[in-house]
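Reckoned from all heavy atoms, side chains included, excluding hydrogens, waters and symmetry mates.
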Amino acid sequence: MATLSAIRALLGEPRFNWSDPAPWIELEQELGLEFPADFREIVDAYGSIEINGQLYLKHPAGHLLHSLGKMIRQDLELWRDEDMTEFLPNSVGANPGELMPVATATTGEAVFLRVPDDDSSPWRVVIQEFDSPAWTLYEMTFGEWLLAYLQGRDVTLCSRNTAPDGPFYAFLP
């Protein structure tokens, strides 16, 4: 995908390069959805990482300490709590229009993918600011949103202050 090439140009060469679809299939069957191809491609390329000391992406491979599946299960439980539902524009889950938590940030934001209403609709990104009831819907794919973040554009998370010398990443321990 062209977006992964642009991300690679800014972030550097990926070193994880996962090719076994089994962890994705298992997680997708458990959740009842199929993640968008660009999200899977990016996470398969880079694995469980911290970007710019701020944004956490996690891979579903079960042997990893920082697993996407574990994070999603915990976050679904958190966001389904009655006290938390008021902070999101939609409920969390795998049904059309619902939000699936996929990433977090050290600055308190939660990154969600909005499940498309139908097969012809695109996935979109929703960012929730944990320290306030504010959320923002971005009319872009995950790859487009991540690229905008890496370019220093303000997409609720902003890398200008955390990566003044350019984007970087490190594997999560």
Side-chain angles (χ1 to χ4, degrees), residues 1-24 27-28 35-76 78-79 87-88 92 99-114 122-132 134-173:
M1 288 187 175
T3 306
L4 181 57
S5 296
I7 289 169
R8 184 182 295 120
L10 288 170
L11 195 55
E13 284 301 315
R15 298 185 311 253
F16 192 67
N17 300 311
W18 189 268
S19 61
D20 180 6
W24 287 106
L27 181 59
E28 290 172 344
F35 286 100
D38 69 325
F39 177 71
R40 284 179 61 159
E41 184 179 37
I42 292 163
V43 173
D44 275 346
Y46 286 94
S48 292
I49 59 172
E50 179 183 47
I51 301 174
N52 298 336
Q54 179 181 33
L55 177 64
Y56 294 109
L57 292 183
K58 297 179 181 177
H59 192 274
H63 72 280
L64 298 173
L65 178 61
H66 298 279
S67 165
L68 178 64
K70 182 178 181 182
M71 184 215 76
I72 287 175
R73 286 187 285 280
Q74 290 172 342
D75 284 1
L76 285 173
L78 169 75
W79 290 105
F87 296 106
L88 293 173
V92 294
L99 305 175
M100 183 59 62
V102 295
T104 58
T106 59
T107 47
E109 294 83 3
V111 180
F112 297 86
L113 292 177
R114 186 182 180 282
W123 288 80
R124 295 299 183 216
V125 175
V126 171
I127 309 295
Q128 197 285 329
E129 297 180 57
F130 201 70
D131 58 349
S132 76
W135 55 268
T136 306
L137 169 68
Y138 289 94
E139 295 289 337
M140 49 181 67
T141 66
F142 180 80
E144 292 167 341
W145 177 86
L146 182 60
L147 182 59
Y149 165 75
L150 294 172
Q151 291 169 334
R153 293 175 34 207
D154 186 355
V155 285
T156 305
L157 288 174
C158 187
S159 66
R160 285 190 303 270
N161 298 333
T162 60
D165 296 327
F168 63 93
Y169 75 96
F171 285 112
L172 293 174

Peer 1: Return the minimal non-hydrogen interatomic distance between P14 and A45, and the atom names on each side.
Peer 2: CB-O, 3.0 Å
Peer 1: Hey, could you give me the CG/CD1 distance between L55 and I49, rounded to the nearest 0.5 Å?
Peer 2: 7.5 Å
Peer 1: So, do Y46 and L57 sit near enough that their side-chain heavy atoms are less than 4.5 Å apart?
Peer 2: no
Peer 1: Out of curiosity, Q54 CD to T104 OG1, how far, rounded to the nearest 0.5 Å?
Peer 2: 10.5 Å
Peer 1: Say whether D38 and T3, considering side chains only, have a donor N or O and an acceptor N or O under 3.5 Å apart.
Peer 2: no
Peer 1: Does N52 reach the main-chain N or O of F168 with its side chain, forming a donor-acceptor pair under 3.5 Å?
Peer 2: yes
Peer 1: Given L27 and I72, is the side-chain contact (heavy atoms from CB on, under 4.5 Å) satisfied, shown in steps?
Peer 2: CA-CA 10 Å; L27 181 59; I72 287 175; 4.3 Å; yes
Peer 1: Under the 3.5 angstrom rule, does the side chain of W145 hit a backbone N or O of V155 as a donor-acceptor pair?
Peer 2: yes
Peer 1: Show the nearest heavy-atom pair for residues Y169 and E13, with the distance to one decimal.
Peer 2: OH-O, 2.7 Å
Peer 1: Would you confirm whether Y138, through its side chain, and T156, through its main-chain N or O, come within 3.5 Å as a donor-acceptor pair?
Peer 2: yes
Peer 1: I want to check something: taking the side chain as every heavy atom from C-beta on, are Y56 and T106 in contact at a cut-off of under 4.5 Å?
Peer 2: yes
Peer 1: Quick test of your reading: applying salt bridge (Lys or Arg N to Asp or Glu O under 4.0 Å), list the pairs with at least one residue in residues 101-114, sequence neighbours left out, ordered by first then second residue.
Peer 2: R114-D117
Peer 1: Could you pull out the closest heavy-atom pair between P101 and L99, with the gap in Å?
Peer 2: CD-O, 3.8 Å
Peer 1: Can Y149 and I127 be said to form a side-chain contact (heavy atoms from CB on, under 4.5 Å), step by step?
Peer 2: CA-CA 12 Å; Y149 165 75; I127 309 295; over 6 Å; no
Peer 1: Please test L10 against L147 for side-chain contact (heavy atoms from CB on, under 4.5 Å), starting from the C-alpha separation and ending with a verdict.
Peer 2: CA-CA 8 Å; L10 288 170; L147 182 59; 3.6 Å; yes
Peer 1: So, H59 versus F16, ring centres under 6.0 angstrom or not?
Peer 2: yes
Peer 1: Do the non-hydrogen side-chain atoms of L150 and I51 ever get within less than 4.5 Å of each other?
Peer 2: yes
Peer 1: Between CD1 of I42 and CZ of R8, what distance do you get to the nearest 0.5 Å?
Peer 2: 10.5 Å
Peer 1: Rounded to the nearest 0.5 Å, how far apart are CE of M71 and CG of L76?
Peer 2: 8.5 Å
Peer 1: State, to 0.1 Å, how close I7 and G143 come at their nearest heavy-atom pair, and which atoms those are.
Peer 2: CD1-O, 3.8 Å
Peer 1: For residues K58 and V43, report the shortest heavy-atom separation together with the two atoms involved.
Peer 2: O-CG1, 3.3 Å
Peer 1: For W135 and F112, I'd like to know if the aromatic rings sit close, meaning centre-to-centre distance below 6.0 Å.
Peer 2: no
Peer 1: Tell me the closest heavy-atom pair linking W79 and A110, and the distance in Å.
Peer 2: CZ2-CB, 4.1 Å
Peer 1: Using the rule given for ring-ring contact (aromatic ring centres under 6.0 Å, His included), can you reason through F35 versus W24, listing the C-alpha separation, both sets of side-chain angles and the distance that settles it, and then say yes or no?
Peer 2: CA-CA 8 Å; F35 286 100; W24 287 106; 5.6 Å; yes
Peer 1: For the residue pair H66 and E50, establish whether any side-chain heavy-atom pair is separated by less than 4.5 Å.
Peer 2: no
Peer 1: A side-chain contact here means heavy atoms from C-beta on lying under 4.5 Å apart; do L113 and P36 qualify?
Peer 2: yes
Peer 1: Test side-chain contact (heavy atoms from CB on, under 4.5 Å) on T141 and R124; report intermediate values, then the result.
Peer 2: CA-CA 5 Å; T141 66; R124 295 299 183 216; 4.3 Å; yes
